[in-house]
Amino acid sequence: MSHNVPFLDLSVAATEVETEIRSAMKRVTASGRFIGGDEVGAFEHEFAQACGARHCVGAGNGFDALALVLRGWGIGAGDDVLVPGLTAIPTWMAVASVGARPVPVDVDERTLGMDAHCLEQMAGPRTRAVVPVHLYGTPVDMEAVGAVAREHGLRILEDAAQAHGARWKGKSVGTLGDAGAFSFYPTKNLGALGDAGAVVTDDDHLADTTRVLQQYGCRERDRPELLGVNSRLDELQAAVLRVKLGRLAEWNERRQVVARRYLEELSDLPEIRLPSWPREAQPVWNLFVIRSDRREELRLLLERRGIGTLVHYPVAAVDTAPFADWGRRDAAPVSRRAASQLLSLPLHPHLTRADQDAVMTGVRAAISELRRG
Ligand SMILES: *Cc1c(COP(=O)(O)O)cnc(C)c1O
């Protein structure tokens, strides 16, 4: 009677749109243009519209999208950039990659989003920008972050890699600060069939600079104006993303339905804490992350019952090897504690009702077993 539920199966989503993807790919092969053709331009236009932003600039991946914006602002050696203590490691790495120093801001105990009070405490004379992360698909309190940023003259770069379509007071993430960085890594809410990313912004100058930086600093071939990099969104991925963008709202809605069931039906359980979010936020559930002081035991019990889980993320950035000597470990106690408690349950748009039932039954049974010792 056992019903195994893998943490994630991306093939179902790909199969659902396979016909459209094949014809999109045919269009690209027939065009003979694989970099810098019409698909990228069309996707950029469509994604900017979907976000409500003036500009979208495609990039090679989400990490590059973050780094391109920081570079575009001239942030580098000698500068500090505030980042959440709890996030996917690319947020930190992108800051370090331009030569700036990532400075941890602790997260809110309840929502796990960047804590504005901690932000206030960590802003200093070298601080140039802040990178709020809409972690797990839950928008950060952007009013609180915005107020501190304004007071200290900081630019705001939203890391929206996990939150395509999420909204704060009805406004799309990525458009709530000065720029937003998106990843289209396959596991994201809008995922390519490989690596891809994008920057969105209303700032004409930043959009222009980003575009120049991403092609070796050249506006015109072979005539660099700036020290640039190579980070392009390619035609094939753009064509695939156009197809999937057409499904984003529906797939986010399906994620929401699953999340609601979990929230309702697991609310009475001991040993775990369910996700919570600011009232003004409309999350899109890239991940459904519960917390438990007995995370490792729970994870093992679920694994034995065939329920796949993952941990996002097991170690706070301040405790990872590359950042161990950067100091400020003391500044992120909530993030560090959370890292030992987090557990992601299976949640994606193609999780069947039977799968959802199996997950909930599994969690319930695992917790009973935990309590029996
Ligand atoms: C996935 C992710 C990134 C990086 O995206 P890539 O496309 O993998 O480079 C950055 N930040 C967060 C929060 C992410 O989840």
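The basis for the numbers below is simple: all heavy atoms, side chains too, and nothing from hydrogens, waters or symmetry mates. All values reported here derive from a predicted model rather than from experimental measurement. Numbers here simply count residues along the sequence, with the first being 1.
Between the side chains of Asp357 and His3, no donor N or O sits under 3.5 Å from an acceptor N or O. Side-chain atoms of Ser172 and Arg167 include no donor-acceptor pair closer than 3.5 Å. Counting only N and O atoms by type, the side chains of Asp204 and His55 include a donor and acceptor under 3.5 Å apart. Defined by atom type and a distance below 3.5 Å, a donor-acceptor pair is present between the side-chain atoms of Gln356 and Arg261. Looking only at atom types and distance, the side chain of Glu158 has a donor-acceptor partner in the side chain of His134 under 3.5 Å away. A donor and an acceptor atom, one from each side chain of Thr201 and Asp203, are nowhere located under 3.5 Å apart.
Remark: Arg211 engages Glu44 in a salt bridge, criterion side-chain N to carboxylate O under 4.0 Å. Taking 4.0 Å as the cut-off between side-chain N and carboxylate O, Arg54 and Asp202 do not count as a salt-bridged pair. Between Asp268 and Arg364 a salt bridge is recorded (basic side-chain N to carboxylate O distance below 4.0 Å).
Under the 6.0 Å cut-off for aromatic ring centres, His350 and Trp251 qualify, their centroids lying closer than that. A distance below 6.0 Å separates the ring centres of Phe184 and His164.
A single hydrophobic cluster is not seen to contain both Val69 and Val229; linkage of ILVMFWY side chains at heavy-atom distances under 4.5 Å, directly or through other members, places them apart. Hydrophobic clustering keeps Val257 apart from Leu8 (ILVMFWY residues linked when any side-chain heavy atoms are closer than 4.5 Å, directly or through intermediates). Trp73 and Leu82 fall into different hydrophobic clusters, where Ile, Leu, Val, Met, Phe, Trp and Tyr are joined by side-chain heavy atoms under 4.5 Å apart, directly or via other members. Clustering ILVMFWY residues whenever any of their side-chain heavy atoms sit less than 4.5 angstrom apart, transitively, puts Ile21 in a cluster other than the one holding Leu190. In the hydrophobic clustering of this structure, Leu193 does not group with Phe182; members are Ile, Leu, Val, Met, Phe, Trp, Tyr whose side-chain heavy atoms approach within less than 4.5 Å, directly or through other members.
Considering only heavy atoms from C-beta on, Val318 comes within 4.5 Å of Trp92 through its side chain. Using a 4.5 Å heavy-atom cutoff, the side chains of Val81 and Pro102 are not in contact. Counting only heavy atoms from C-beta outward, the side chains of Arg71 and Thr210 never approach each other to under 4.5 Å. Contact of the Tyr313 side chain with the Leu342 side chain is not registered, since no non-hydrogen atoms from C-beta on lie closer than 4.5 Å. Proximity of Asp79 to Ile75: side-chain heavy atoms (C-beta onward) are separated by under 4.5 Å at one or more points. Two residues are said to be in side-chain contact when any heavy atoms from C-beta on lie closer than 4.5 Å; Gln237 and Asp234 meet this criterion. Counting heavy atoms from C-beta on, the side chains of Pro322 and Met93 come closer than 4.5 Å. When side chains are defined from C-beta on, Arg22 does not count as touching Met25, because their heavy atoms never get closer than 4.5 Å.
Residues satisfying the salt bridge (Lys or Arg N to Asp or Glu O under 4.0 Å) test with Asp293, not counting sequence neighbours, are none. For the ring-ring contact (aromatic ring centres under 6.0 Å, His included) test, no residue two or more places apart in sequence or in another chain qualifies with Tyr185. Among residues two or more places apart in sequence or in another chain, the salt bridge (Lys or Arg N to Asp or Glu O under 4.0 Å) test is passed with Glu369 by Arg305.
Across Val83, Thr91, Thr138, a single residue satisfies side-chain contact (heavy atoms from CB on, under 4.5 Å) together with Val133, and that is Thr91.
Taking all atoms of both residues into account, the shortest heavy-atom contact from Ala358 to Ile307 is O-CD1, 3.6 Å. Ala88 approaches Gln162 most closely through the heavy-atom pair CB-NE2, 4.4 Å.
The structure places OH of Tyr262 at 14.5 Å from OG of Ser267, a figure rounded to the nearest 0.5 Å. Note: Gln49 CD to Leu245 CG = 10.0 Å, rounded to the nearest 0.5 Å.
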Scan the side chains in residues 34-42 for donor-acceptor partners under 3.5 Å anywhere in the protein, sequence neighbours excluded, and list what turns up.
{"unit_1": "Glu39", "atom_1": "OE1", "unit_2": "Arg27", "atom_2": "NH2", "d": "3.0"}
{"unit_1": "Glu39", "atom_1": "OE1", "unit_2": "Arg242", "atom_2": "NH1", "d": "3.0"}
{"unit_1": "Glu39", "atom_1": "OE2", "unit_2": "Arg27", "atom_2": "NE", "d": "2.8"}
{"unit_1": "Glu39", "atom_1": "OE2", "unit_2": "Arg27", "atom_2": "NH2", "d": "3.2"}

Would you list the atom pairs, donor with acceptor, under 3.5 Å between side chains in residues 148-155 and any protein atom, with sequence neighbours excluded?
{"unit_1": "His152", "atom_1": "NE2", "unit_2": "Glu120", "atom_2": "OE2", "d": "2.8"}

Give the table of side-chain donor-acceptor pairs shorter than 3.5 Å for residues 274-284, with sequence neighbours excluded, one pair per line with atom names and distance.
{"unit_1": "Ser276", "atom_1": "OG", "unit_2": "Arg110", "atom_2": "O", "d": "3.1"}

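Remark: the backbone N or O of Ser231 is paired with a side-chain donor or acceptor of Gln214 at under 3.5 angstrom.
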